[in-house]
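The structure presented is a predicted model; accordingly, all values stated were derived computationally and were not measured. Proteins get letters first, then strands, A, B, ... in listed order; numbering begins at 1 in each.
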Protein chains: 2
Amino acid sequence: MRLTTRGRYAVTAMLDLALNIKKRPVTLSEIADRQGISQSYLEQLFSKLRKKGLVDGTRGPGGGYKLGRSAALISVGDVISAVNEPVDATQCGGQKNCRGENPCLTHDLWQELSLQIQNFLSGVSLKELMDKESKNSGAKAPLTSLTPIHMQVNSAIKTSVF
Amino acid sequence: MRLTTRGRYAVTAMLDLALNIKKRPVTLSEIADRQGISQSYLEQLFSKLRKKGLVDGTRGPGGGYKLGRSAALISVGDVISAVNEPVDATQCGGQKNCRGENPCLTHDLWQELSLQIQNFLSGVSLKELMDKESKNSGAKAPLTSLTPIHMQVNSAIKTSVF
DNA sequence: CCTATAACCAAGTAATTTAGTCAAGAATAG
DNA sequence: CTATTCTTGACTAAATTACTTGGTTATAGG
């Protein structure tokens with residue numbers, strides 16, 4: 001799981017798409033204009049998103065993109081991993097023969113952690129983010145926690161460990 | 001919060017350090033050798049880790065690095081953000097004047113999500129990862145979940161949403 | 001004091017990734 | 001037929017990452 005500005009662009013664009021689609025598909029030039037991202041760069045990102053089935057494109061006038069499935073069924077993790085090349089964290093490629101003494105020990109731990117992050121991001125859907133937005137639209141209150149429940153549990157664990 | 005191979009190197013090295021320190025400090029050449037990372041690259045990473053107080057270095061023969069504080073008090077988030085330059089996600093720099101129509105809308109949402117990831121990674125300490133390791137050392141059982149509790153809650157949320 | 005060790009520091013470089021440009025082609029609504 | 005919009009590919013500039021080189025300081029042990 002990699003997390004760079006590239007993934008941020010993709011999530012931002014997908015959110016823009018999800019929020020602005022009413023009836024007509026949303027064009028890339030609209031998104032590019034609203035979010036200040038190069039259209040051609042968006043084209044590359046959406047090419048990958050389309051291949052993963054996260055968006056559907058229709059050509060011609062009145063065309064554009066729409067979500068490949070319900071926003072509730074698209075996770076942030078889906079979007080981010082769609083636009084990133086898969087990385088193998090271990091230099092031995094899954095074999096445990098890296099070193100003699102401590103073979104891939106910390107690699108396994110990182111792999112495990114990486115999986116946890118992946119799981120976390122798979123637990124946040126576009127719909128949750130959209131709902132968050134609509135709840136705060138027009139209001140002056142700052143954005144609060146997205147998914148309070150497991151965050152509270154998490155901080156409970158944290159305080160119990162410390 | 002950025003998440004690249006750079007952060008992986010840092011976490012891996014910190015884990016190696018935490019696992020292999022018994023009485024003597026651990027030298028970078030040891031870590032470099034065990035983990036297959038360039039020593040000079042480690043020096044750069046540890047320079048940043050030291051400036052954040054995450055490690056203490058002692059020079060001369062018998063010298064090396066030790067943890068700046070208890071492994072229970074060092075989170076994975078600490079390590080990762082220590083070796084990365086801070087990024088401002090918005091191109092307007094906190095001002096809400098990016099666009100006319102949808103000012104920084106999705107930016108706010110990304111900011112919120114980014115904060116969540118940060119919180120999540122702040123909830124996982126080096127000690128948790130170490131304990132995970134020692135529990136599985138010598139055993140053939142595969143690694144299971146690190147922090148089962150909030151993961152279970154998380155998946156519960158997920159299934160309730162879907 | 002001398003020497004080896006190992007942290008510290010800084011500049012530069014190769015490789016990779018990111019972000020963007022440019023130039024086409026293909027589908028389709030009107 | 002034409003304008004629109006996706007789709008594709010190749011190419012380029014910028015940024016980041018990973019690594020190299022060549023030092024300097026501090027210190028333990030002889």
Using whole Å, report how far [atom1] of [X] lies from [atom2] of [N].
X	N	atom1	atom2	result
A/Leu28	C/dG20	CG	C1'	15 Å
B/Glu85	D/dT16	CD	C1'	10 Å
A/Glu30	D/dT5	CD	P	8 Å
B/Leu42	D/dT20	CG	C1'	14 Å
A/Leu45	D/dC6	CG	C1'	15 Å
B/Gln39	C/dA7	CD	P	7 Å

List the protein contact pattern of nucleotides 21-30 of chain D with one symbol per nucleotide (5' to 3'): B for base contact, S for sugar-phosphate-only contact, - for none; contact means a heavy-atom distance under 4.0 Å. B---BBBB--
Heavy-atom contacts, protein to nucleotides 11-17 of chain C, under 4.0 Å, summarised as B (base), S (sugar-phosphate only) or - (none) per nt, yield B-----S
Note, [X] side chain near [Y] side chain (heavy atom, < 4.5 Å):
X	Y	value
A/Leu42	A/Gln35	no
A/Asn20	A/Glu30	no
A/Met130	B/Leu109	no

Ring-plane angle category for B/Tyr9 and B/Tyr41, please: parallel below 30°, perpendicular beyond 60°, tilted otherwise.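 Perpendicular.
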Without hydrogens or angle criteria, can the side chains of B/Ser40 and B/Ser38 be said to hold a donor-acceptor pair below 3.5 Å?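 Judged by distance alone, the side chains do not pair up.
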Distance-only polar pair, side chains of B/Asp78 and B/Ser75, donor-acceptor under 3.5 Å: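 There is such a pair between these side chains.
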Checking side chain to side chain contact (heavy atoms under 4.5 Å, CB included) between B/Val11 and each of B/Val79, B/Val83, B/Asp16, which is the one that passes?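 Testing B/Val11 for a side chain to side chain contact (heavy atoms under 4.5 Å, CB included) against B/Val79, B/Val83, B/Asp16 leaves exactly one candidate, B/Val79.
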Which residues in residues 49-57 of chain A have a heavy atom closer than 4.0 Å to any atom of DNA chain C?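 None, since no heavy atom is under 4.0 Å.
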Report yes if at least one side-chain N or O of A/Tyr41 is closer than 4.0 Å to OP1 or OP2 of C/dA19; otherwise report no.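 So the side chain of A/Tyr41 is within the cut-off, an N or O lying under 4.0 Å from OP1 or OP2 of C/dA19.
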Distance check: side-chain N/O of B/Tyr65 vs OP1/OP2 of C/dC8, anything under 4.0 Å?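 Yes, because at least one side-chain N or O of B/Tyr65 sits under 4.0 Å from OP1 or OP2 of C/dC8.
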So what does A/Ser29 touch, heavy atoms closer than 4.0 Å: a base, only the sugar-phosphate, or nothing?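 It contacts nothing in the nucleic acid.
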Once you apply a heavy-atom cut-off of 4.0 Å, does A/Phe46 come out as touching a base, just sugar-phosphate, or nothing?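 Contact class for A/Phe46: none.
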Salt bridge present between B/Arg50 and B/Glu43 (N-O < 4.0 angstrom):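 Here B/Arg50 does not pair with B/Glu43 in a salt bridge, since their nearest N and O are not under 4.0 Å apart.
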Test your reading of the model: is there a side-chain donor-acceptor pair from A/Arg6 to the backbone of A/Leu45, 3.5 Å cut-off?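 No.
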Is B/Arg8 reaching over with its side chain to a backbone N or O of A/Trp110, donor-acceptor style, under 3.5 angstrom?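 Not confirmed, B/Arg8 side chain does not pair with A/Trp110 backbone.
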Please check if atom CZ in A/Arg69 has more than 12 non-hydrogen atoms from other residues, nucleotides or ligands closer than 6.0 Å.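 Enclosed.
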Just compare C/dC8, D/dT17, C/dT18 and give me whichever is closest to any side-chain atom of A/Asn84.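 It is C/dT18.
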